[in-house]
There are 2 protein chains.
Amino acid sequence: MTAFEPIRFEPGYRRVATAIAARILDRTLREGDSLPPETELAEQFAVNRSTIREALRELESADLVTRRRGTKRMVVTRPAADQIAGRVGQSLALHDVTVREVWQTLELIEPPIAAEAALHADAAAIEQLRAAVSRYAADHETAQQAVAGVADFFRAVAAASGNRVLPMTQEPLLLLLVAALEVMIDRAPPARGRIAVAQQHVLAAIEAHDAVAARDWMGKHVRDFRRGFEISGIDVDSPVPAPRRD
Amino acid sequence: MTAFEPIRFEPGYRRVATAIAARILDRTLREGDSLPPETELAEQFAVNRSTIREALRELESADLVTRRRGTKRMVVTRPAADQIAGRVGQSLALHDVTVREVWQTLELIEPPIAAEAALHADAAAIEQLRAAVSRYAADHETAQQAVAGVADFFRAVAAASGNRVLPMTQEPLLLLLVAALEVMIDRAPPARGRIAVAQQHVLAAIEAHDAVAARDWMGKHVRDFRRGFEISGIDVDSPVPAPRRD
DNA sequence: ATAGTATAATTGTCCGACAAATGGACAGGT
DNA sequence: ACCTGTCCATTTGTCGGACAATTATACTAT
């Protein structure tokens, strides 16, 4: 005989939250629309304002609604890449993902991304990329600056591919890379220079729309990180640090 | 002169939430630990229980705490891949990412993942993979079954790589692929058969630890999806449907 | 020990209340 | 016209208390 399904009781705040979320996902509520005041929502759903507020906290945490800086009304938003990426990074870190797993993944996905960027980069994207490269070249004194520059370079490359899924896919990895690099970069002195060189080669390849060269140089670039970790004496099988909280 | 930073007022419920989240992220609170009752938390933080509850809703929505089925206490959890992937998929869909962007991304990352799997798959992983392949071969009558089988195959391949970052990276893509495939698969009759064949070739390559063949066949496999979309007459530049809500 | 029962603890939800901040209307000064 | 200051109705953030329903726990009888 078939066992019975456990009957599940959904608390009110959750049902309210999913009801509102559904309206956002099916575009009945569109980005920028502001939600009705809490008292009004409470009337419409026929629940207490406290219940509405708990539901709103859920939606807020999912970045489906946001309170604009110092304003009162809740506004419908589309969760941005970086918001969500933080969650993914958190999750990976809590699962004790290792440094090795992070750079292995980068070794796998970054070269094809660079190749794609070489094929599809338009003038504006190349301009952005150039800016990122020269920003790194100019400012990489502190570990934080250097690491942020590295991440921004990867972001610019992915953006140059013209495919909006790629930046979002790689973003969690970048957060973890940043967390790991901040520990490593000061212990591997030659790293900063090698990074600048590799960035310039990748940039040149993309400017020339040379997919093969872009893939190759990006490959070298990410393999350099592996080397950096090895040189710096960090145990690559230790878990990555959790990305800084927002 | 430098403009002033907007002074930001963090409401109490948010500060409580981040305080608890910090304890989870730094492992002071570990997975499986149960949180103190709400009244006790209210005392400790010296705020009202309502405030605590709003904070808990935030954490619950971030999957950092969960209340187990039919139980009362809140338990600390590590957010699982699939929970978070739903968010990422949601976000991408809300940003009107197109079908084309999804399969382009799959074309980029799946072949290297397959190659990696061929290099690192152990016996257990191969067994899982075999099971996934034969499950698809046995059950692909309804569109839902077929599509679920496709996604599970990709999951098994990524799992076989032994790198826990890869499954999580591809999961959001799979959710979107599933949402898009459910529309397409019934309009492209030969698709189901071609999928089975490609799966078997990828499986064979991984069993033989032949990275090159694995990459090649996985490449063919994902390019088949592109063809399927083109044949089915779906506009590949139309936005992907939002993944089904949980 | 097992099953059954009484009791305490805890959650989900409601009600009512109030200070503080915001948005908007309106008036006054330049 | 533009900037400033003032007043007022809204709305949020937070509090306190309350209660039914459910779960955990101690206790009892078999």
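Chain naming here is simple, since letters A, B, ... match the order of the sequence lines and numbering starts at 1 in each. Not measured: the values here are computed from a predicted model.
- Across all strands shown, Ser50(A) has heavy atoms under 4.0 Å from base atoms, whether or not it also approaches the sugar-phosphate.
- Salt-bridge check for Asp33(B) with Arg23(B): failed, with every basic side-chain N at 4.0 Å or more from each acidic carboxylate O.
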Start with the C-alpha distance between Leu177(A) and Leu106(A), add both sets of side-chain angles, then the distance that settles side-chain contact (heavy atoms from CB on, under 4.5 Å), and finish with yes or no. CA-CA 9 Å; Leu177(A) 177 68; Leu106(A) 287 172; 3.9 Å; yes
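- Looking at Glu38(B) and Arg49(B), a side-chain N of the basic residue comes within less than 4.0 Å of a carboxylate O on the acidic one, giving a salt bridge.
- For CZ of Arg192(A), the number of neighbouring non-hydrogen atoms (other residues, nucleotides, ligands) closer than 6.0 Å is greater than 12.
- Atom P of nucleotide dG13(D) and atom CZ of Arg14(B) are separated by 10 Å, given to the nearest angstrom.
- One interatomic measurement links the two molecules: CD of Glu43(A) to P of dT10(D), which rounds to 13 Å at whole-angstrom precision.
- Contact check, Thr51(B) against dG13(D): no side-chain N or O comes under 4.0 Å of OP1 or OP2.
- Straight-line distance from the CZ atom of Phe45(B) to the C1' atom of dC15(D): 17 Å, rounded to whole Å.
- Summarising the geometry, the separation between CD1 on Ile52(B) and C1' on dC15(D) is reported as 13 Å, rounded to the nearest angstrom.
- Looking at Arg67(B) and Glu60(B), a side-chain N of the basic residue comes within less than 4.0 Å of a carboxylate O on the acidic one, giving a salt bridge.
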Show each protein N/O and nucleotides 10-12 of chain C N/O combination with a separation under 3.5 Å, one pair to a line.
| residue | atom | partner | partner atom | Å |
| --- | --- | --- | --- | --- |
| dT10(C) | O2 | Lys72(B) | NZ | 3.1 |
| dT11(C) | OP2 | Glu38(B) | N | 3.1 |
| dG12(C) | OP2 | Arg53(B) | NH1 | 3.1 |
| dG12(C) | O6 | Arg49(B) | NH2 | 2.9 |

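- Between Asp235(B) and Arg100(B), no side-chain nitrogen of the basic residue sits less than 4.0 Å from a carboxylate oxygen of the acidic one, so the salt-bridge criterion is not met.
- At the phosphate of dC15(C), OP1 or OP2 sits under 4.0 Å from a side-chain N or O atom of Asn48(A).
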